[in-house]
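The figures that follow rest on heavy atoms only: side chains count, while hydrogens, waters and symmetry mates do not. A note on names: the letters A, B, ... follow the listed sequences, proteins ahead of strands, and every chain is numbered from 1.
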Amino acid sequence: MTAAGEVRWRVVGREGGSVVLVDLDAGLDEVRRERVGPDRWAVEASAADPSARWVWSDTARWYPDLLAAGSVVARCQDLRLCHAILRASSLVTEAAALRADGAWDAPSTAAPAAVEPALFDLDPDGGAGVGSRTVPEGIDDALAELRRQAAALASSGDPGRLRLLLAAESAGALLAAEMHAAGVPWSIEVHEGILEQALGPRPAGGGVPARVQELADAVRAALGDGRASLDSQPKLLRSLHRAGVPARSTSRWELAEYEHPVIEPLLAYKKLMRLMTANGWTWLDEWTAGGRFRPVYVPGGVVTGRWASSGGGALQLPRALRPAVHADPGWTLVVADVAQLEPRVLAAMSGDLALAEAARGRDLYDGIVASGAIATRAEAKIAMLGAMYGATTGDSGRLVPALRRAYPRAMGLVDAAARTGESGGAVTTWLGRSSAPAGSEWHEVQARAGGPDASDAECAQARRSAGDRGRFTRNFVVQGTAAEWALAWLADLRGLLAELPAVPVEQGAEASGPVFSRRAHLCFFLHDEIIVHAPLAQAEAVADAVARSAERAARLLFGGFPIDFPLDLRISIDAAKG
DNA sequence: AATACAAGCGCG
DNA sequence: AAAGCGCGCTTGTATT
């Protein structure tokens with residue numbers, strides 16, 4: 001890491017038909033301006049100081065070129081992502097300049113092609129961004145936005161947290177591009193084996209696999225209707241009614257409540273159809289190539305700060321398919337996930353020592369049981385989820401009060417967040433990401449319900465939308481802070497992995513691309529779990545880095561507060577062969 | 001023919 | 001055994 005005074009900022013943007021690189025000193029004063037050809041910029045830039053902090057409009061727009069040219073950058077500031085955080089953050093007191101320029105509220109360049117805004121597609125709050133499709137790419141736009149962001153940061157009473165958040169968010173953007181470039185090592189053989197085991201051999205010419213056909217036949221026989229349609233919910237529901245199953249929907253948990261010969265084969269049929277349509281042979285053909293699955297990660301794609309993804313359903317890969325993630329020969333996978341990330345984050349951010357004590361060194365739910373607050377682990381789990389999600393009824397809602405008595409500080413934090421949301425306000429995560437306040441439409445609904453001639457329906461609607469918002473803001477502070485912890489973990493781990501030596505060419509994992517074929521690299525991230533693809537000889541070093549970065553993330557966010565984040569960490573056993 | 005929506009299910 | 005947060009994707013149906 002370079003000391004703050006030595007940071008060199010490299011800003012990249014367009015000017016006319018050229019790409020322009022501008023070097024700034026630590027005071028953001030311009031020291032050098034260089035015009036390079038649009039096709040050559042990445043190659044020329046990659047020869048420069050790799051420790052510089054790159055500043056660009058949108059990582060997804062600029063970084064893939066650098067990666068393709070064989071260059072990894074250590075740090076960046078993603079102006080689009082940082083803009084989104086700063087313009088909304090309640091920690092920023094001077095956000096007017098940021099909010100004035102709606103051009104920076106546009107989606108990422110790399111997002112799925114934005115559709116033309118419809119004629120009447122007006123933002124209900126009249127906010128900025130209407131009609132603009134991507135963020136500005138001009139060099140002067142970037143320089144101006146960087147200075148606005150620096151000013152906004154300086155206006156914050158606590159710039160340290162926001163600086164952490166912006167750095168973590170930007171590191172995440174780098175990582176998202178890198179993981180797309182590297183891809184998830186994917187064994188088509190294993191995947192096909194799972195499909196064949198479950199569905200039967202791949203049918204020629206788009207037919208129905210044998211196992212699916214058998215189940216369909218069994219369902220139709222049980223329904224007493226050889227031509228019953230199983231894939232249309234309304235038609236299936238009518239068939240069920242005729243057969244004496246008075247279900248209101250065709251959802252799995254409702255069907256499971258009925259005793260009828262059709263239920264078992266129908267549930268099995270639905271499960272197989274789901275596997276086939278979502279992750280079957282078509283998915284393999286479409287989303288894997290050269291032994292890699294390359295989803296598009298969308299950092300900051302979820303309002304809470306979590307990542308979203310686009311293409312291939314990377315964030316929904318069924319657990320049954322995980323064995324298809326398979327290291328290259330001579331490489332291995334280091335897999336880690338955090339146990340009970342969100343309640344641990346809640347304990348730390350609320351300063352709840354009792355909950356932290358329940359969490360320390362063990363399963364958090366076991367700890368709650370040991371404290372005597374709740375009788376069984378299963379109940380402790382649904383109570384905690386209910387507290388963080390805002391459950392009011394059922395087993396979950398019934399158990400929350402016990403949690404409230406045992407952990408008043410932690411529960412007080414989420415309860416307060418809920419009250420803020422119910423009254424239309426915005427809430428903020430530990431590092432300073434704020435939710436949007438309620439829009440004008442929401443306030444109108446509340447106002448109508450408070451009026452003298454409000455109908456029962458209007459009152460009910462207002463109560464419901466207030467409750468919806470309360471549950472959203474209740475969860476936002478926890479989910480959002482958990483996302484921040486995960487980003488800090490990723491960013492630190494990324495740095496540690498970069499310090500590991502490269503392996504010789506002949507030991508490389510070629511499909512990981514020019515940059516990562518010889519280096520341990522993150523290849524998958526899902527909210528609280530990661531997979532690192534690593535040369536076999538570095539497995540232990542990588543596992544150690546994964547554990548150390550988790551500890552460092554905890555200290556970075558929560559200082560000396562006594563909370564730990566235990567990992568379930570394993571080195572894949574399948575990698576040795578091959 | 002193209003598009004929007006709801007249901008359902010996968011993930012955390 | 002099924003209430004309560006955040007997503008993406010596929011299918012069938014309704015709309016235009």
Contact class for Glu257(A) vs. all strands (heavy atom < 4.0 Å): base, sugar-phosphate, or nothing? sugar-phosphate

Reading nucleotides 6-16 of chain C from the 5' end, what letters show protein touch, with B for base, S for backbone sugar-phosphate only, - for no heavy atom under 4.0 Å? BSBSSSSS---

With sequence neighbours excluded, tell me which residues meet side-chain contact (heavy atoms from CB on, under 4.5 Å) with Ala198(A). Leu272(A), Leu275(A)

Not counting sequence neighbours, which residues clear salt bridge (Lys or Arg N to Asp or Glu O under 4.0 Å) with Glu192(A)? List them please. none

For DNA chain C, just give me the dot-bracket, please: Watson-Crick or G-U, both distances below 3.5 Å, ( ) intra-strand, [ ] crossing earlier pairs, | paired with another strand, . unpaired. ....||||||||||||

Sugar-phosphate, base or nothing in reach of Arg469(A), heavy atoms under 4.0 Å: nothing

Could you pull out all residues at least two apart from Pro566(A) that satisfy side-chain contact (heavy atoms from CB on, under 4.5 Å)? Arg344(A), Asp564(A)

Could you check which residues of residues 236-250 of chain A get a heavy atom under 4.0 Å from DNA chain B? Sort them by number, please. Ser249(A), Thr250(A)

Residue pairs passing the salt bridge (charged side-chain N to carboxylate O under 4.0 Å, His left out) test with at least one member in residues 391-401 of chain A, sequence neighbours excluded, are Asp395(A)-Arg398(A)

Distance under 4.0 Å to a non-hydrogen atom of chain A counts as contact; along DNA chain B, which nucleotides mark the start and end? dA7(B) to dG12(B)

Residue set satisfying side-chain contact (heavy atoms from CB on, under 4.5 Å) with Asp568(A), at least two apart, ordered chain then number -> Asp337(A), Arg570(A)

Quick one: salt bridge (charged side-chain N to carboxylate O under 4.0 Å, His left out) pairs with a partner in residues 301-319 of chain A, sequence neighbours left out? Arg306(A)-Glu342(A)

Show me the pairs that pass salt bridge (charged side-chain N to carboxylate O under 4.0 Å, His left out) and involve residues 259-272 of chain A, at least two apart or across chains. none

Under the salt bridge (charged side-chain N to carboxylate O under 4.0 Å, His left out) definition, can you give me all pairs with a residue in residues 222-245 of chain A, not counting sequence neighbours? none

